[in-house]
Protein chains: 2
Amino acid sequence: MAGVEQRQNKSGGGKKKEVKKETGLGLSFTKDENFGEWYSEVVVNGEMIEYYDISGCYILRPWAISIWEIMQTFFDAEIKKMKVKNCYFPLFVSPGVLQKEKDHIEGFAPEVAWVTKSGESELEVPIAIRPTSETVMYPYYSKWIRGHRDLPLKLNQWCNVVRWEFSNPTPFIRSREFLWQEGHTAFATKEEADTEVLQILELYRCIYEEFLAIPVTKGRKSELETFAGGLYTTSVEAFIPNTGRGIQGATSHCLGQNFAKMFEINFENEKGEKGMVWQNSWAYSTRTIGVMVMVHGDDKGLVLPPKVAALQLIVIPVPYKDADTQGIFDACVATVATLSDAGIRAEADLRDNYSPGWKYSNWEMKGVPLRIEIGPRDLANNQVRAVRRDNGAKTDISRVFLVEQVKGMLDKIQQNLFDVAKQKRDACVEVLKTWEEFVTALGQKKLILAPWCDEEDVEKDVKARTKGDMGAAKSLCTPFEQPELPEGTKCFASGKPAKKWTYWGRSY
Amino acid sequence: MAGVEQRQNKSGGGKKKEVKKETGLGLSFTKDENFGEWYSEVVVNGEMIEYYDISGCYILRPWAISIWEIMQTFFDAEIKKMKVKNCYFPLFVSPGVLQKEKDHIEGFAPEVAWVTKSGESELEVPIAIRPTSETVMYPYYSKWIRGHRDLPLKLNQWCNVVRWEFSNPTPFIRSREFLWQEGHTAFATKEEADTEVLQILELYRCIYEEFLAIPVTKGRKSELETFAGGLYTTSVEAFIPNTGRGIQGATSHCLGQNFAKMFEINFENEKGEKGMVWQNSWAYSTRTIGVMVMVHGDDKGLVLPPKVAALQLIVIPVPYKDADTQGIFDACVATVATLSDAGIRAEADLRDNYSPGWKYSNWEMKGVPLRIEIGPRDLANNQVRAVRRDNGAKTDISRVFLVEQVKGMLDKIQQNLFDVAKQKRDACVEVLKTWEEFVTALGQKKLILAPWCDEEDVEKDVKARTKGDMGAAKSLCTPFEQPELPEGTKCFASGKPAKKWTYWGRSY
């Protein structure tokens with residue numbers, strides 16, 4: 001609107017503080033002082049999320065969906081190489097099937113949304129909306145799998161699922177509907193299933209570490225934290241230093257033969273003997289995007305890793321009153337063309353109703369990894385000025401070496417984001433051995449690595465003893481990379497002989 | 001299973017009828033004699049669909065999803081060129097918003113599924129599942145659009161929608177949940193909106209004619225058939241000769257300013273004047289796949305156009321007792337490698353527990369466009385035998401010219417499928433001018449083109465007068481390509497002066 005535009009024009013190339021005050025472009029909260037409010041504000045002002053009129057549901061705007069699509073393109077191609085095929089099963093589940101596997105449904109029942117009406121008519125039987133698709137799919141696995149030649153069966157679907165949670169809805173992190181992929185595979189042998197669990201987990205590591213620039217720990221979940229109805233669960237675990245909370249990044253489950261038994265998924269092997277299949281299921285969701293925002297974002301807004309950014313680079317003309325404005329604009333357009341041809345996702349912001357300063361703040365808020373400014377001096381020197389979003393570093397680049405320099409900077413930004421995140425995460429890790437140390441470290445928002453006896457009752461006890469406003473502590477994962485565990489080491493919580501090193505902490 | 005396999009082995013290279021009888025590979029119904037049963041059988045036996053335990057919901061198997069993905073890749077890239085951005089809005093709608101636009105909700109209310117419970121708790125307010133997303137999205141368009149610089153706003157989402165219909169559920173064609181894309185755009189002027197409606201319609205034509213090899217008619221819907229709440233609806237209309245029914249292929253609606261008024265989507269133009277946006281919405285769905293099956297399928301099963309087939313070519317070894325079996329198998333593998341390198345989607349069926357004859361039937365059922373057989377004679381002559389799925393034509397191809405010949409044949413198959421379908425469709429068109437001719441033609445399952453006065457009451461009257469077991473006739477579309485309408489031509493139904501030529505018939 002003209003009114004707003006005029007005010008914005010007035011702010012001109014002035015200091016950032018003025019722009020913020022006049023246009024409301026900046027954030028009202030800081031990441032360190034009020035993390036929760038900062039997060040809500042940054043996902044909205046960064047144009048990833050719009051709050052929706054149903055609590056716990058969020059609108060995913062193009063800025064978020066483009067990140068999702070980049071990860072999807074990578075993951076989809078990788079699983080297709082593994083001979084996984086995409087399919088689509090219905091959103092709805094009949095109650096009988098949903099409840100077939102007892103442990104499984106106990107895990108999900110409180111969160112299941114039920115359709116009971118269509119138009120003005122009551123349905124004869126209420127119908128559930130999938131919270132996950134094990135019970136939706138496996139009756140058909142039983143039908144499709146007859147002999148060993150039907151194995152392995154490897155299916156995946158990209159879809160929405162619904163879990164009607166009531167505690168702390170948070171965009172991306174905990175929402176009532178979310179997008180994910182869910183893979184569901186069946187094998188003749190446990191060995192094949194075990195192998196695939198780890199292949200998929202490696203892809204999830206790749207998404208976090210190589211795309212989102214977030215360090216994660218691969219490991220196995222405790223008995224208590226294992227997927228409802230599954231045999232064992234592996235995960236990649238991330239950590240949010242500001243809140244001192246662990247966050248489950250993605251999970252790859254071996255379901256064993258438990259569902260196979262309930263759904264009678266049998267096959268005849270080469271020798272004509274009857275067997276039961278071994279199954280896996282694995283998923284990652286739009287939660288990934290939330291973790292990325294939490295880990296990299298700062299007080300200026302989002303910070304996007306170049307590999308997932310819809311826009312890797314924004315070119316901003318910086319005209320000056322007597323200078324060759326048209327020449328500057330032409331140089332911006334030419335720069336974008338050169339970079340686009342080289343496969344870099346670049347655009348120019350040529351709007352004439354915003355000042356350069358306003359544009360800087362705007363694209364910083366949106367987290368674009370690299371900004372290129374072109375002013376009269378740059379034009380004269382056949383150069384551009386590049387400003388990194390991650391650390392603010394400014395470099396003058398000759399237009400002769402534009403493409404290679406920009407590529408190099410994007411790579412460095414990607415690497416630096418990971419390195420800084422890893423450094424921050426590592427600084428939070430506390431290796432300890434006693435309950436007293438544990439309580440202190442928990443109070444200091446640490447990610448705790450402690451020797452554990454691996455008993456379910458002990459984990460329950462830890463939860464009970466740490467209950468409070470902040471939520472109880474729990475085991476996050478037992479990392480595959482285990483430090484040495486000297487003979488005689490005792491469990492931090494029970495004093496019994498320790499069996500493994502396990503990560504503990506509060507979590508999302 | 002071994003038992004089945006033995007029986008299948010016994011059938012050996014025997015005649016197809018024996019294979020069919022022994023293995024149940026063939027279809028029990030023919031397309032001409034029992035179209036409905038044939039269709040249900042072919043989508044299941046062709047492994048596109050599995051029936052699900054909730055009526056009107058179907059499992060889309062990889063063979064169907066791969067077609068969907070190919071169309072999606074095309075369409076998604078095209079709309080991105082048009083600067084449309086993908087987003088994701090929630091599955092759920094609150095009742096207040098859903099009911100805001102009266103005409104619109106009247107159109108959808110009887111089919112809306114309602115969530116009233118989560119876990120064991122009743123929801124305070126029942127929540128609807130989106131049947132389409134106009135009312136989900138437009139409150140936010142009102143928020144996001146302020147000035148002319150926010151326009152055009154062009155969003156699209158790939159998602160599932162739910163319409164709890166009770167009449168004649170049919171896989172792909174009429175299901176309670178289906179996948180689609182829905183584009184929702186807003187413009188400053190009606191001209192821009194009008195232009196986009198037709199650009200999108202052209203993409204839909206392309207999907208049908210160039211990908212699915214199905215002839216369609218572009219045109220405008222009658223008042224009675226216009227999208228609920230919209231200004232006008234354009235569509236591509238296909239026709240199923242076997243049932244004599246038209247089928248709406250995809251729709252591109254101009255919504256006018258009706259939703260803008262209800263949802264207060266206003267903007268200020270360059271001169272500071274207030275205006276209301278002009279909106280479009282447009283969608284195509286998994287219905288496309290059903291139309292493809294209906295149009296091209298035959299008594300041997302599916303027939304897939306090469307451009308959308310997950311597998312364009314299947315290579316089958318035809319060993320003979322004393323021949324060089326290993327040499328034949330090696331030639332099959334080499335053939336696949338050569339074709340794959342050339343970008344052709346090819347695989348070899350090297351299973352040793354099925355006879356060549358069984359494999360022929362199997363891949364014919366699945367509709368693979370081209371089969372390559374390699375036997376001892378082919379090996380000796382450095383050639384392969386190619387068999388077209390569409391017309392059964394057999395050609396020996398020298399392995400020297402393999403890639404170019406196969407490419408040529410796939411192009412010819414694609415073209416031939418379209419030509420044959422067009423010929424069949426055109427043969428059903430009946431141009432007529434009187435009610436008597438109309439009734440006769442309807443009885444003969446014709447696609448009727450008749451002069452019409454374009455009055456809503458007259459269309460209602462046509463519906464009433466043709467009601468019966470087969471369903472009433474209605475207007476399908478007024479084609480953009482209009483034959484000449486001589487002065488004084490009368491409406492076939494009312495006898496009033498005709499304004500246009502319109503297609504009529506029964507429809508899906």
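Throughout, a chain's letter reflects where its sequence line sits, starting with A, and its residues are numbered from 1.
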Subject >> Residue selection (most heavy-atom pairs with chain A, distance under 4.5 Å) from Arg351(B), Lys143(B), Glu111(B) >> reply: Lys143(B)
Original post:
Which residue out of Ser94(B), Pro139(B), Pro126(B), Cys159(B) racks up the most heavy-atom pairs below 4.5 Å with chain A?
Top reply: Ser94(B)
**OP:** Before accepting this row, confirm whether a basic side-chain N of the pair Lys85(B)/Glu69(A) lies closer than 4.0 Å to the acidic partner's carboxylate O.
**Re:** no
Subject >> Region of Tyr140(B) in contact with chain A, defined by heavy-atom distances below 4.5 Å >> reply: side chain
Subject >> Per-residue contact mode, Ala113(A) against chain B (heavy atom under 4.5 angstrom) >> reply: both
Original post:
Nearest 0.5 Å, what's the CH2-CD1 distance between Trp164(B) and Ile127(A)?
Top reply: 3.5 Å
**OP:** Go through Ala64(B), Ser66(B), Pro110(B), Ala310(B) and name the one with the most non-hydrogen pairs under 4.5 angstrom from chain A.
**Re:** Pro110(B)
Subject >> Nearest-0.5 Å distance that lies between atom CD in Glu50(B) and atom CZ in Phe89(A) >> reply: 8.0 Å
**OP:** Could you tell me which of Gly96(B), Ala109(B), Pro62(B) has the largest number of non-hydrogen atom pairs under 4.5 Å with chain A?
**Re:** Pro62(B)
**OP:** Just give me the residue among Cys87(B), Pro90(B), Cys57(B) that pairs up with chain A most often, heavy atom to heavy atom, under 4.5 Å.
**Re:** Pro90(B)
Original post:
Which bit of Trp68(A) is near chain B, if near means a heavy-atom gap under 4.5 Å: side chain, backbone, both or neither?
Top reply: neither
**OP:** Select all residues of residues 116-124 of chain A having any heavy atom within less than 4.5 Å of some heavy atom of chain B, and report them by number, or 'none'.
**Re:** Thr116(A), Lys117(A), Ser118(A), Gly119(A), Leu123(A)
**OP:** Please answer whether the main-chain N or O of Leu91(A) pairs with a side-chain N or O of Glu177(B) as donor and acceptor at a distance below 3.5 Å.
**Re:** yes
Original post:
By a 4.5 Å heavy-atom criterion (distance strictly below it), what part of Tyr58(A) contacts chain B: side chain, backbone, both, or neither?
Top reply: backbone
**OP:** Could you look at Lys154(A) and say if it's the side chain, the backbone, both or neither that has a heavy atom under 4.5 Å from chain B?
**Re:** neither
**OP:** Sort Val125(A) into side chain, backbone, both or neither according to what part of it lies under 4.5 angstrom from a heavy atom of chain B.
**Re:** neither
